[in-house]
Amino acid sequence: MSSSLTKIWIHTFFCTKNRMPLIDASFEPKLHAHVKDHLENDFHCLLQSINGTSDHLHLLFLLNPNYAVKDILKNIKGESSHWVNSNDFIISKFAWQKAYTAISTANSLVKDVEQFIEAQKEYHRTLTFLEEQQRIFTLHQMHFSLGTIWAASPA
């Protein structure tokens with residue numbers, strides 16, 4: 001085979017700085033569209049799903065192997081913060097937390113993850129972001145300690 005092929009789905013989520021409810025419904029669709037355009041046009045990653053609540057955002061995208069996940073997310077978060085602030089969507093300063101979670105997703109589970117992301121607002125009527133985060137970490141055998149998340153080593 002003369003060329004390399006990859007198909008790596010990434011489910012990522014990250015929250016606003018100090019988990020403040022900064023994403024207002026009045027500009028949320030514009031933020032989602034802006035993140036989608038930036039991810040697809042600048043990183044050539046197909047965005048399958050995007051949604052969240054006032055304090056966090058979930059994305060499901062097909063990774064372009066020419067970029068590292070950390071570089072994509074650092075850029076997406078920094079650029080979108082600048083965009084929100086320059087458009088004066090909110091009175092206070094908008095920022096994302098530095099941390100994020102990114103999990104590879106099997107192709108067979110893409111529809112399930114997409115449905116989970118699309119149902120975020122319903123989901124969070126009964127569950128906090130921290131509870132959601134803990135469930136995801138448990139499901140994926142990830143451990144959280146003093147601000148550091150790592151995956152469990154294979155048995």
Side-chain angles (χ1 to χ4, degrees), residues 8-64 66-105 109-110 112-152:
I8 303 169
W9 287 101
I10 301 294
H11 172 205
T12 185
F13 55 92
F14 44 89
C15 56
T16 57
K17 190 168 187 175
N18 300 320
R19 293 188 190 92
M20 295 296 295
L22 300 175
I23 304 170
D24 189 74
S26 64
F27 74 90
E28 182 183 39
K30 292 176 185 174
L31 174 62
H32 292 182
H34 182 77
V35 168
K36 178 184 187 329
D37 288 346
H38 187 46
L39 186 63
E40 291 185 345
N41 294 330
D42 295 342
F43 293 101
H44 310 289
C45 295
L46 171 68
L47 181 66
Q48 185 74 18
S49 187
I50 183 171
N51 200 7
T53 65
S54 64
D55 68 352
H56 72 282
L57 194 61
H58 285 260
L59 307 171
L60 176 63
F61 65 93
L62 193 56
L63 181 65
N64 177 336
N66 293 318
Y67 299 98
V69 172
K70 70 177 184 68
D71 296 332
I72 292 171
L73 294 178
K74 180 180 179 183
N75 189 283
I76 291 291
K77 290 164 57 181
E79 194 281 336
S80 62
S81 292
H82 176 75
W83 179 80
V84 169
N85 290 321
S86 66
N87 281 285
D88 296 322
F89 288 123
I90 58 176
I91 295 169
S92 59
K93 183 178 180 194
F94 185 90
W96 298 108
Q97 280 192 351
K98 289 183 182 180
Y100 63 85
T101 300
I103 303 165
S104 61
T105 300
L109 297 175
V110 165
D112 293 338
V113 174
E114 183 178 13
Q115 289 171 353
F116 169 74
I117 291 172
E118 289 174 1
Q120 278 294 292
K121 288 173 184 50
E122 292 173 33
Y123 190 68
H124 284 289
R125 288 187 184 134
T126 59
L127 203 66
T128 68
F129 175 70
L130 291 175
E131 291 168 330
E132 172 189 53
Q133 196 175 32
Q134 188 57 52
R135 284 186 179 183
I136 292 171
F137 292 167
T138 299
L139 177 67
H140 293 281
Q141 298 178 346
M142 298 171 77
H143 303 281
F144 178 82
S145 176
L146 302 174
T148 304
I149 301 168
W150 67 91

Contacts of Lys98 that satisfy side chain to side chain contact (heavy atoms under 4.5 Å, CB included) - sequence neighbours left out: none
Passes side chain to side chain contact (heavy atoms under 4.5 Å, CB included), Asp55 versus Leu22? Steps please. CA-CA 6 Å; Asp55 68 352; Leu22 300 175; over 6 Å; no
Strictly by salt bridge (Lys or Arg N to Asp or Glu O under 4.0 Å), give each pair with a member in residues 87-97 just once, sequence neighbours left out. none
Considering residues at least two apart in sequence or located in another chain, which fulfil the side chain to side chain contact (heavy atoms under 4.5 Å, CB included) criterion with Ser26? Asp24
With sequence neighbours excluded, give me every salt bridge (Lys or Arg N to Asp or Glu O under 4.0 Å) pair touching residues 28-47. Glu28-Lys121, Lys36-Glu40
Any residue meeting salt bridge (charged side-chain N to carboxylate O under 4.0 Å, His left out) with Lys77, in chain and number order, not counting sequence neighbours: none
Just to verify, what does Glu118 make a side chain to side chain contact (heavy atoms under 4.5 Å, CB included) with, not counting sequence neighbours? Ser49, Glu114
Aromatic plane relationship, Phe13 with His58 - under 30° parallel, 30 to 60° tilted, over 60° perpendicular: tilted
Centres of the Phe27 and Phe89 rings: under 6.0 Å? yes
Evaluate the side chain to side chain contact (heavy atoms under 4.5 Å, CB included) criterion for residues Trp9 and Val113: first the C-alpha distance (whole Å), next the side-chain angles of each, then the deciding distance (0.1 Å), finally the verdict. CA-CA 10 Å; Trp9 287 101; Val113 174; over 6 Å; no
Does any donor atom in the side chain of Asn66 or His44 lie under 3.5 Å from an acceptor atom in the other side chain? no
How are the rings of His11 and Phe116 set to each other: parallel, tilted or perpendicular (split at 30° and 60°)? perpendicular
